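Here the structure is a predicted model, which is why all the values come from computation and not from measurement. Sequential numbering from 1 along the given sequence is applied to the chain's residues.
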Amino acid sequence: VQLQASGGGLVQAGGSLRLSCAASGRTFSRYSMGWFRQVPGKEREFVSAVRWTDGGTHYADSVKGRFAISRDNAKNTVYLRMNSLKPDDTAVYYCAATTRVQSTTAGYYDYWGQGTLVTVSS
């Protein structure tokens, strides 16, 4: 599976962005998908995930209520809608795929996109 993330950019605090992650391959629907983010000098941080089994979702506490993950299996794409953005959300955002039902651990993801930079100005 190859993943291509897009949609990052510069936005003011309080604004919104939608990230997309397009996947190649014909088995996208059998992968749970996750979004992680990373800032220089820090470990990659779990943001959100959507299960392949039932479409159930999971969020980090820091983004709960502001971010929404979704997937479109017909388009082999997973999205991350980010609302009420804060400067602390500034990071490179990565999408990832795992055969596990769900995981918040980066090491359990098998495939990674190249990352897209989100910068939130105050």
Where the side chain of Q114 meets the backbone of A5, is there a donor-acceptor pair that is under 3.5 Å apart?
yes
Any Y79 side-chain heavy atom under 4.5 Å of I69 side chain:
no
Hey, is the main chain of G107 close enough, under 3.5 Å, to the side chain of T105 for a donor-acceptor pair?
no
Is F46 reachable from Y59 through a run of I, L, V, M, F, W or Y residues, each pair having side-chain heavy atoms under 4.5 Å apart?
no
How far apart are the closest heavy atoms of Y111 and V1, and which atoms are they?
CD2-O, 3.3 Å
Tell me, yes or no, whether the heavy-atom count around K64 atom NZ, taken from other residues, nucleotides or ligands under 6.0 Å, exceeds 12.
yes
Looking only at non-hydrogen atoms, find the nearest pair between V63 and R37 and report the distance.
CG1-NH1, 4.0 Å
Flag side-chain contact, heavy atom, 4.5 Å: S62 against E45
yes
Any donor-acceptor N/O pair, S29 side chain to N73 backbone, under 3.5 Å:
no
Measure from the side-chain N and O atoms of T116 to the backbone N and O of S6, and report whether any donor-acceptor pair falls under 3.5 Å.
no
Say whether L117 and Y94 are linked into one hydrophobic cluster, either directly or through other cluster members, by side-chain heavy-atom distances under 4.5 angstrom.
yes
Are W52 and M33 packed together at the side-chain level, in the sense that at least one heavy-atom pair is separated by less than 4.5 angstrom?
no
Contact between L19 and M82 at the side-chain level, heavy atoms closer than 4.5 Å - yes or no?
yes
For the rings on F36 and Y109, is their centre-to-centre separation under 6.0 Å?
yes
For residues T90 and V39, report the shortest heavy-atom separation together with the two atoms involved.
O-CG1, 3.1 Å
What I'd like to find out is whether the side chain of V11 reaches to under 4.5 Å of the side chain of T119, using heavy atoms alone.
no
With a 4.5 Å heavy-atom cut-off, do R18 and L80 have their side chains touching?
no
Provide the closest heavy-atom pair for T99 versus D110 in the form atom of the first, atom of the second, distance.
N-OD2, 3.3 Å
Do D72 and T77 have side-chain atoms, one donor and one acceptor, less than 3.5 Å apart?
no
Identify whether NZ of Lys or CZ of Arg in R71 sits under 6.0 Å from the centre of the six-membered ring of F28 and within 45° of that ring's axis.
yes
Is W35 close to V78 at the side-chain level, that is, under 4.5 Å between some pair of heavy atoms?
yes
Quick one: is the NZ or CZ of R44 closer than 6.0 Å to the six-membered ring centre of W112, and within 45° of its axis?
yes
Within 45° of the six-membered ring axis of Y108 and under 6.0 Å from that ring's centre, is NZ or CZ of R100 located there?
yes
OG on S84 to CZ on R66, rounded to 0.5 Å:
7.0 Å
Could you check V47 against Y93 for side chain to side chain contact (heavy atoms under 4.5 Å, CB included), going step by step and ending with a plain yes or no?
CA-CA 9 Å; V47 175; Y93 283 71; 4.3 Å; yes
Can you tell if the side chain of F67 reaches within under 4.5 Å of the side chain of D89, non-hydrogen atoms only?
yes
Charged N-O contact under 4.0 Å between D54 and R51:
yes
Minimum heavy-atom distance between L3 and A97, given as atom pair plus value
CD1-N, 3.8 Å
Note: S122 and A13 closest approach over all heavy atoms is CA-CB, 4.4 Å
